[in-house]
Amino acid sequence: MQTSPECTPCLLRQIRYAARLATDDPELEKKVIAQASALLPSLDPEISPPENAIAIYGMISRVSGNCDPFAALKRASNESATALRPELEQRIVAAADPLLAAIRLAVAGNIIDYGSHHDFDIETTVNNCLDRELVRDHYQKFRHDLSRVPEGGTILYLGDNCGELVFDGMVIKMLADMGKRVVLALKEKAIINDALVTDGRELGLDEHCIIISNGTACPGTPLKNCSAELQHFFRTADLIISKGQGNFETLSDTPGPVYFLLTVKCPVVARHLAGPGFDCPQLTGKGEPVLLRHRRWQG
């Protein structure tokens, strides 16, 4: 997916928000906004929005001297989601199809995104998600493809944000309990509220999966720029679960045995999903939950 001119005002909004988080010095905040905003005219329209965001957030960190402006929000998100986990685990166990319930909760958790949305009610969202149909529902295809993953076969799970990572962990545990080897890829360096390897370990996800770094500080998975380890697992995995909007934006044109799990929070992404191959014309980009088999999966 390429960067649209409509991405510019969204990135400007993100710059202003991140600048406020990065410093409490008004003059430094203005400097951060000015220097980061100066990068906007040089955005590369041929690459995805998350890839363009790398330079912008790098500038915010350098000018402010704060390498992780979202650190406090990330901790709070993990704590809030962890507090919800016991109740949600009970609801999963009680569901007619526990795996589907876990996937719906994981998709609902994708609303925790300080790049796309600053205001959201995660508790209300996850409480309502089991009663809300997926707008694009390839769950039966997913079950079929999952059944073809052999005992000990590899599932690569591309993580997204803090907070929702707790809900991802419930899906990962279920997959591990089915006898699959799950490899969870998280970010190498801090950017927005994306989860790092340390977040996965602190939440105990390494009890159920192998955690690796994707080698980038990109709020997505730009495969050609990722670590050799991530590229190896992407090439060899039996099944790949791509979580979140940023991962969709960077991988929507990359062939592979991929399922996209996301909440659509952007009209540009919604239009891309409405295009040939994805054929999701009902999306508005206002929070629709999606489970979608990659259009370029040849299997």
Report whether [X] and [Y] are members of the same hydrophobic cluster (ILVMFWY, side-chain heavy atoms less than 4.5 Å apart, transitive linking).
X: Tyr57; Y: Ile54; value: no
X: Leu205; Y: Ile92; value: yes
X: Leu196; Y: Leu21; value: no

Open item on the list: By the side chain to side chain donor-acceptor pair (under 3.5 Å) test, which pairs, at least two apart or in different chains, include something from residues 23-43?
Closed with: none

Open item on the list: Tell me which pairs pass side chain to side chain donor-acceptor pair (under 3.5 Å) where either residue lies in residues 223-236, with sequence neighbours left out.
Closed with: Glu51-Lys224

Task: CA sep, side-chain torsions, deciding dist, call: Ile56, Leu40, side-chain contact (heavy atoms from CB on, under 4.5 Å) - done: CA-CA 8 Å; Ile56 291 170; Leu40 294 175; 3.7 Å; yes

Side chain to side chain, [X] and [Y], heavy atoms closer than 4.5 Å:
X: Asn110; Y: Phe167; answer: no
X: Arg104; Y: Pro289; answer: no
X: Leu186; Y: Leu165; answer: yes
X: Asp238; Y: Arg148; answer: no
X: Val182; Y: Ile210; answer: no
X: Thr154; Y: Leu239; answer: no
X: Asp168; Y: Val171; answer: no
X: Tyr157; Y: Val183; answer: no

Does the side chain of [X] come under 3.5 Å of the side chain of [Y] through a donor N or O and an acceptor N or O?
X: Tyr17; Y: Arg13; result: no
X: Asp160; Y: Asn247; result: no
X: Glu202; Y: Thr198; result: no

Open item on the list: Which residue in the set Lys189, Lys74, Lys187 passes salt bridge (charged side-chain N to carboxylate O under 4.0 Å, His left out) when paired with Asp194?
Closed with: Lys187

Checking [X] side chain against [Y] main chain: does a donor-acceptor pair fall under 3.5 Å?
X: Thr250; Y: Thr221; result: yes
X: Glu288; Y: Lys286; result: yes
X: Asn52; Y: Leu43; result: no

Open item on the list: If you apply the rule side-chain hydrogen bond (donor to acceptor under 3.5 Å, both in side chains), what do you find for Asn161 with Lys243, and how did you get there?
Closed with: CA-CA 9 Å; Asn161 297 325; Lys243 183 67 185 302; over 6 Å; no

Non-hydrogen atoms of [X] and [Y] that approach each other most closely:
X: Ala19; Y: Ile33; value: CB-CG1, 3.6 Å
X: Leu39; Y: Ala55; value: CD1-O, 3.6 Å
X: Gly220; Y: Pro50; value: N-CB, 4.3 Å
X: Asp137; Y: Leu134; value: OD1-CD1, 3.7 Å
X: Asn66; Y: Asp68; value: OD1-N, 3.0 Å
X: Tyr139; Y: Leu99; value: OH-CB, 3.7 Å

Task: Pair Asp97 + Arg143, salt bridge at N-O below 4.0 Å - done: yes

- [ ] For the pair Glu89 and Lys173, find out whether any cationic side-chain nitrogen is under 4.0 Å from an anionic carboxylate oxygen.
- [x] no

Gap between atom [atom2] of [Y] and atom [atom1] of [X] - 0.5 Å precision:
X: Tyr259; Y: Leu291; atom1: OH; atom2: CG; value: 7.5 Å
X: Leu156; Y: Ile241; atom1: CG; atom2: CD1; value: 9.0 Å
X: Leu283; Y: Arg136; atom1: CG; atom2: CZ; value: 8.5 Å
X: Met1; Y: Asp253; atom1: CE; atom2: CG; value: 9.5 Å
X: Arg271; Y: Cys280; atom1: CZ; atom2: SG; value: 14.5 Å
X: Ile47; Y: Glu249; atom1: CD1; atom2: CD; value: 11.5 Å

Task: is_close_aromatic(Phe278, Phe248), centroid dist under 6.0 Å - done: yes

Open item on the list: Show, in sequence, the C-alpha distance, side-chain angles and deciding distance for Thr263 and Val107, and conclude whether the side-chain contact (heavy atoms from CB on, under 4.5 Å) test is met.
Closed with: CA-CA 6 Å; Thr263 298; Val107 173; 3.9 Å; yes

- [ ] Give the intermediate values and the outcome of side-chain contact (heavy atoms from CB on, under 4.5 Å) for residues Cys209 and Ile211.
- [x] CA-CA 6 Å; Cys209 65; Ile211 301 179; 3.9 Å; yes

TODO: For Arg16 and Leu12, run side-chain contact (heavy atoms from CB on, under 4.5 Å): C-alpha distance rounded to whole Å, both residues' side-chain angles, the deciding distance at 0.1 Å, then the answer.
DONE: CA-CA 6 Å; Arg16 290 169 174 163; Leu12 180 58; 3.7 Å; yes

Open item on the list: Checking Glu46 now: which residues fulfil side chain to side chain contact (heavy atoms under 4.5 Å, CB included) with it, not counting sequence neighbours?
Closed with: Gln2, Asp44

Open item on the list: Is there a ring-ring contact (aromatic ring centres under 6.0 Å, His included) between His294 and Phe260? Walk through the geometry before answering.
Closed with: CA-CA 7 Å; His294 201 316; Phe260 296 109; 5.1 Å; yes

Task: Cationic tip of Arg293 above Trp297 ring, under 6.0 Å, 45° of axis - done: yes

